[in-house]
Amino acid sequence: MTDSAKDKTVFVAGGARGIGLGIVHALAADGFDVSFSYRSSADEAGQLRDGLQNTYEHQTFQCHQADLSDRAQVDTFAELIAATDNLYGLVYNAGGSYDTLAAMVDQDRGEALFQLNFWAMTRLAAAAARPLMRARNGRIIAIGSITAQTGVQGNSIYAASKGAMLSYIRTLAIEMARKGVTANYVSPGYIDTDLMAPYADYRDTVEKQIPLRRFGQPEEVGALTSFLFSSAAAYITGTVIPIDGGVSAGLSVRA
Ligand code: NDP
């Protein structure tokens, strides 16, 4: 635990499993009070909160149910964030995918994905930005994707939503900078979570294309997020930080 984390609250949207779970664990270990949302993982969320509360008894942990594809529930969660004393930051990690060929996109499904991946993020980021700027301190992090900058077959709408996140975060970073608040975009490659489960049959093939020859782990994204929340990262804003085993650095074609 660092002194700089004491009595500071960080919200994590989508924290009960997968990458969000890695982030919640890392921020808890840093000494932050952590409030995280979940949609369907109620059991996991309750167990996580209770486990963290037992382990870090001088910190506070809360979980809140919110379906972030529902605008009214996003508003309610945003109001909670805005009203939180000692708010220090937001990690927008919740997200979903919609796999289809670019020429076959169904607009209703695409718009629903944008609500979850993009619009909910903008609403929560705006709710956090105002108190953070008043406090002249804080961090906003979006968990994006390498698909924002690298085309992947079947990912057009997912990639577009992640690209929209990136454009928004860069602008937000510029607008908040004079108030001492940073915003950054973490860009994971292939991370070992349920989101990757549909591709299990191709895992060996995919791993051969990754320079480091393996999927990343949620804890590794947690460690990067932890660093971005540290005082050592105060001069980093408006950036895209890949965590992808080298995928975005170039091709790794091997037999
Ligand atoms: P998971 O499928 O394991 O987790 C998805 C998370 O998003 C869960 O916390 C889930 O909550 C939450 N979520 C999904 N839909 C909703 C919704 N409608 N309302 C609120 N919360 C919702 O995926 P990952 O952990 O892998 O993904 C986390 C983030 O990382 C996503 O934004 C994803 O796009 C991104 N990412 C992941 C990569 C990977 O390889 N795994 C690669 C690049 C980016 P609940 O369980 O409670 O329903």
Side-chain angles (χ1 to χ4, degrees), residues 11-26 34-49 63-78 90-99 109 111-121 123-125 141-150 152 154-155 157-166 168-169 185-200 202-203 206-207 209-210 212 214-222 224-225 240-245 247-248:
F11 276 80
V12 179
R17 64 188 175 91
I19 291 173
L21 179 63
I23 292 169
V24 169
H25 273 298
V34 183
S35 282
F36 61 93
S37 75
Y38 64 94
R39 176 198 49 169
S40 54
S41 301
D43 291 346
E44 292 91 335
Q47 285 164 15
L48 175 61
R49 181 203 51 212
C63 55
H64 312 274
Q65 187 164 30
D67 183 342
L68 299 173
S69 60
D70 180 300
R71 285 177 63 165
Q73 293 187 44
V74 174
D75 281 344
T76 303
F77 192 47
L90 167 72
V91 182
Y92 194 85
N93 166 75
S97 61
Y98 167 33
D99 288 357
R109 290 192 63 184
E111 287 184 5
L113 192 73
F114 260 78
Q115 170 58 32
L116 171 61
N117 285 4
F118 177 68
W119 288 112
M121 180 206 65
R123 178 73 178 92
L124 301 190
I141 294 175
I143 305 300
S145 164
I146 53 167
T147 60
Q149 295 175 298
T150 305
V152 177
N155 268 169
I157 296 298
Y158 175 77
S161 70
K162 293 292 182 178
M165 287 174 78
L166 170 55
Y168 177 90
I169 286 292
Y185 183 93
V186 169
S187 183
Y190 296 93
I191 309 296
D192 203 357
T193 71
D194 292 346
L195 198 71
M196 290 292 109
Y199 312 106
Y202 315 106
R203 180 164 175 157
V206 174
E207 285 184 325
Q209 310 303 317
I210 302 171
L212 285 177
R214 66 172 176 87
F215 282 9
Q217 293 301 316
E219 308 84 84
E220 295 178 303
V221 184
L224 173 57
T225 307
V240 182
I241 305 180
I243 175 160
D244 63 6
V247 168
S248 60

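Both ligands and their constituent atoms are indexed starting at 1 by order of listing.
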Completion exercise
Note: M165 and F118 closest approach over all heavy atoms is N-CD1, 3.7 Å
Completion exercise
atom 40 (O) of ligand 1: closest protein heavy atom, distance to 0.1 Å, is I191 N, 2.8 Å
Practice task
Report yes if some N/O of T193 lies less than 3.5 Å from some N/O of ligand 1; otherwise report no.
Solution key: yes
Exercise for the section: Please say whether P188 places an N or O atom under 3.5 Å from an N or O atom belonging to ligand 1. Expected result: no
Exercise for the section: Carefully, step by step, assess F114 and I157 under the rule side chain to side chain contact (heavy atoms under 4.5 Å, CB included). Expected result: CA-CA 8 Å; F114 260 78; I157 296 298; 4.2 Å; yes
Exercise for the section: Tell me which one of M196, M165, R17 gets a heavy atom nearest to atom 4 (O) of ligand 1. Expected result: R17
Practice task
State the atoms of ligand 1, each with its element, that fall below the 4.0 Å cut-off from a heavy-atom position in A66.
Solution key: 19 (N), 20 (C)
Problem - Heavy atom of A42, distance to ligand 1 below 4.0 Å - result: no
Exercise for the section: Show your working on side chain to side chain contact (heavy atoms under 4.5 Å, CB included) between V74 and W119 and close with a plain yes or no. Expected result: CA-CA 9 Å; V74 174; W119 288 112; over 6 Å; no
Handout entry: F36 vs I23 side-chain heavy atoms within contact, under 4.5 Å
Key = no
Handout entry: Heavy atom of the protein closest to atom 34 (O) of ligand 1 (residue, atom name, distance)
Key = Y158 OH, 2.6 Å
Exercise for the section: Kindly give the heavy-atom pair with the smallest separation between A13 and S37, and that separation in Å. Expected result: CA-OG, 3.3 Å
Completion exercise
dist N93:CG -> R17:CZ (nearest 0.5 Å) comes out at 10.0 Å
Practice task
Under 4.0 Å, heavy atoms only, figure out whether ligand 1 is touched by the backbone of S187, its side chain, both or neither.
Solution key: neither
Completion exercise
atom 48 (O) of ligand 1: of A13, S40, S41, the nearest heavy atom sits on S40
Practice task
Distance to 0.1 Å, residue and atom name: give those for the protein heavy atom nearest to atom 47 (O) of ligand 1.
Solution key: R39 N, 2.7 Å
Exercise for the section: Output yes when D70 and R39 qualify as a salt bridge under the 4.0 Å nitrogen-oxygen rule, no when they do not. Expected result: no
Completion exercise
re atom 29 (C) of ligand 1, the protein heavy-atom contact at minimum distance is N93 O, 3.0 Å
Handout entry: Option set L195, I143, V91, criterion heavy-atom distance to atom 27 (O) of ligand 1, minimum
Key = L195
Fill in the blank from the handout: Tightest non-hydrogen contact, residues Y158 and S97, listed as CD1-CA, 3.8 Å
Problem - Close side-chain approach of P218 and L21, heavy atoms under 4.5 Å - result: no
Exercise for the section: Examine G95 against ligand 1 and note whether any of their N/O atoms are separated by less than 3.5 Å. Expected result: yes
Exercise for the section: Among all protein heavy atoms, pick out the one at the shortest distance from atom 18 (N) of ligand 1; state its residue, atom name and that distance to 0.1 Å. Expected result: D67 OD1, 2.9 Å
Fill in the blank from the handout: The closest protein heavy-atom partner of atom 19 (N) of ligand 1 is L68 N, 2.8 Å
Exercise for the section: Any atoms of ligand 1 less than 4.0 Å from a non-hydrogen atom of Y38? List them with their elements. Expected result: 47 (O)
Exercise for the section: Tell me which part of E44 gets within contact of ligand 1: side chain, backbone, both or neither, using heavy atoms under 4.0 Å. Expected result: neither
Practice task
May I ask you to check whether K162 has an N/O atom sitting below 3.5 Å from an N/O atom of ligand 1?
Solution key: yes
Practice task
With rounding to the nearest 0.5 Å, note down the distance linking CG in L166 to OG1 in T147.
Solution key: 10.5 Å
Exercise for the section: Check ligand 1 against G14 and write out every atom of the ligand that is under 4.0 Å from a heavy-atom position of the residue. Expected result: 9 (O)
Practice task
Measure the shortest side-chain to side-chain distance between I141 and L90 over non-hydrogen atoms and say whether it is less than 4.5 angstrom.
Solution key: no
Exercise for the section: Say whether A16, considering both its backbone and side-chain N or O atoms, lies within less than 3.5 Å of an N or O atom on ligand 1. Expected result: no
Exercise for the section: Identify the protein heavy atom lying closest to atom 25 (O) of ligand 1, giving its residue, its atom name and the separation to 0.1 Å. Expected result: I19 N, 2.8 Å
Practice task
Indicate yes or no: does an N/O atom of Y190 lie under 3.5 Å from an N/O atom of ligand 1?
Solution key: no
Exercise for the section: Locate the shortest heavy-atom distance separating Q217 from I191; write the atom from each residue and the value. Expected result: C-CG2, 3.8 Å
Fill in the blank from the handout: Nearest non-hydrogen protein atom to atom 42 (C) of ligand 1, with distance, is G189 O, 2.7 Å
Handout entry: Under 4.0 Å to a heavy atom of S69 - the qualifying atoms of ligand 1, by number
Key = 18 (N)
Practice task
State yes or no: are the ring centers of Y199 and Y190 separated by less than 6.0 Å?
Solution key: no
Exercise for the section: Could you check which of S145, G144, A45 puts a non-hydrogen atom nearest to atom 35 (C) of ligand 1? Expected result: G144
Exercise for the section: Test Y38 against E44 for side chain to side chain contact (heavy atoms under 4.5 Å, CB included), laying out the working first. Expected result: CA-CA 9 Å; Y38 64 94; E44 292 91 335; over 6 Å; no
Completion exercise
A student checking ligand 1 against G18 at a 4.0 Å heavy-atom cut-off should list atoms 3 (O), 25 (O)
Practice task
Heavy atoms only: give me the nearest L68-F77 pair and the separation to one decimal.
Solution key: CD2-CD2, 4.2 Å
